[in-house]
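Notes follow the structure.
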Amino acid sequence: QVQLVESGGGLVQPGGSLRLSCAASRFTDYDDYDAIGWFRQAPGKEREGVSCISTNDGSTVYASSVTGRFTISRDNAKNTVYLQMNSLKPEDTAVYYCAPVLGNYYCSRSGYEYAYWGQGTRVTVSS
């Protein structure tokens, strides 16, 4: 399984914005999956789903904690999925990962098991 590569994290003040990128060699590597999802893991907490975008019709799912602040999108020509994060809060601090998913159950929940997590990208929201 080819890993997805996350980037774009950093330190930002509360209320600020960041755009994360999730790059694949080819989206077709994930034809057996239904979506590409963003997940995050804060210190001492379980990894949780943040958002997913369908590989078929581009439909999206968001966790309630980020709805209205985060936007997931994809650029098929660049084989990249983005997560635009606005109005960031200290509780958004976490390492963010992307992964292919089946269905959308785990797109807004913790507990997703995937054998090929990448190194993630760290987001720190602090003044």
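None of the values given here were measured: they were computed from a predicted structure.
Within a 6.0 Å sphere centred on CD of Glu91, heavy atoms belonging to other residues, nucleotides or ligands number more than 12. By the neighbour-count criterion of 12 heavy atoms within 6.0 Å, atom CD of Gln119 is sparsely surrounded, having that number or fewer from other residues, nucleotides or ligands.
Scanning all heavy atoms of the two residues, the minimum distance from Val95 to Gly120 falls at CG1-CA, 3.9 Å. What you find for Leu88 and Leu18 is that their closest heavy atoms are CD1-N, 3.9 Å. Considering every non-hydrogen atom in both Gly49 and Ala63, the closest pair reads O-CB, 3.6 Å. Looking at every heavy atom in both residues, Arg40 comes nearest to Ala94 through CB-CB, 3.8 Å. When all heavy atoms are compared, the tightest approach of Cys107 to Gly103 is SG-O, 4.3 Å. Heavy-atom minimum distance, Arg69 versus Ser87: NH1-O, 3.0 Å.
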Evaluate salt bridge (Lys or Arg N to Asp or Glu O under 4.0 Å) for Arg26 paired with Asp29, printing each intermediate quantity in order. CA-CA 6 Å; Arg26 296 181 302 271; Asp29 288 342; 2.9 Å; yes
Set out, in order, the CA-CA distance, both residues' side-chain angles and the distance that settles side-chain hydrogen bond (donor to acceptor under 3.5 Å, both in side chains) for Asp75 and Thr80, then state yes or no. CA-CA 5 Å; Asp75 185 331; Thr80 301; over 6 Å; no
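Val101 is not listed as a side-chain neighbour of Tyr30, based on a closest heavy-atom distance of 4.5 Å or more. Leu11 is listed as a side-chain neighbour of Ser126, based on a closest heavy-atom distance under 4.5 Å. Within the 4.5 Å cutoff, side-chain heavy atoms of Cys22 are placed close to those of Trp38. Side-chain contact between Ser51 and Tyr62: present, with at least one pair of heavy atoms (C-beta onward) separated by less than 4.5 Å. In this structure, the side chains of Thr124 and Val12 stay at 4.5 Å or more apart for every pair of heavy atoms. At least one side-chain heavy atom of Leu4 sits less than 4.5 Å from a side-chain heavy atom of Pro100. In this structure the side chain of Glu6 never reaches within 4.5 angstrom of the side chain of Tyr96, judged on heavy atoms. Two residues are said to be in side-chain contact when any heavy atoms from C-beta on lie closer than 4.5 Å; Asn86 and Phe70 fail this criterion.
Using cut-offs of 30° and 60° for the angle between ring planes, the Tyr33 and Tyr114 rings count as perpendicular.
Taken to the nearest 0.5 Å, the CD atom of Gln84 stands 8.0 Å off from the OG atom of Ser73. The CD atom of Gln41 sits 9.0 Å away from atom CH2 of Trp117, with the distance rounded to the nearest 0.5 Å. Put simply, CG on Asn104 and CD1 on Ile53 are 13.0 Å apart, with the number rounded to the nearest 0.5 Å.
No option in Leu20, Asp92, Ile72 other than Leu20 meets the side chain to side chain contact (heavy atoms under 4.5 Å, CB included) test with Met85.
Remark: side-chain polar atoms of Ser21 are not paired, donor with acceptor, to backbone N or O of Tyr82 under 3.5 angstrom. Checking side-chain atoms of Arg74 against main-chain N and O of Ser54 turns up a donor-acceptor pair under 3.5 Å.
Salt-bridge check for Glu48 with Arg109: failed, with every basic side-chain N at 4.0 Å or more from each acidic carboxylate O.
Under a hydrophobic-cluster definition in which Ile, Leu, Val, Met, Phe, Trp and Tyr are linked whenever side-chain heavy atoms come within less than 4.5 Å, directly or via other members, Val5 and Ile36 are assigned to different clusters. In the hydrophobic clustering of this structure, Val66 groups with Val123; members are Ile, Leu, Val, Met, Phe, Trp, Tyr whose side-chain heavy atoms approach within less than 4.5 Å, directly or through other members.
Between Tyr112 and Phe39, the ring center distance clears the sub-6.0 Å criterion.
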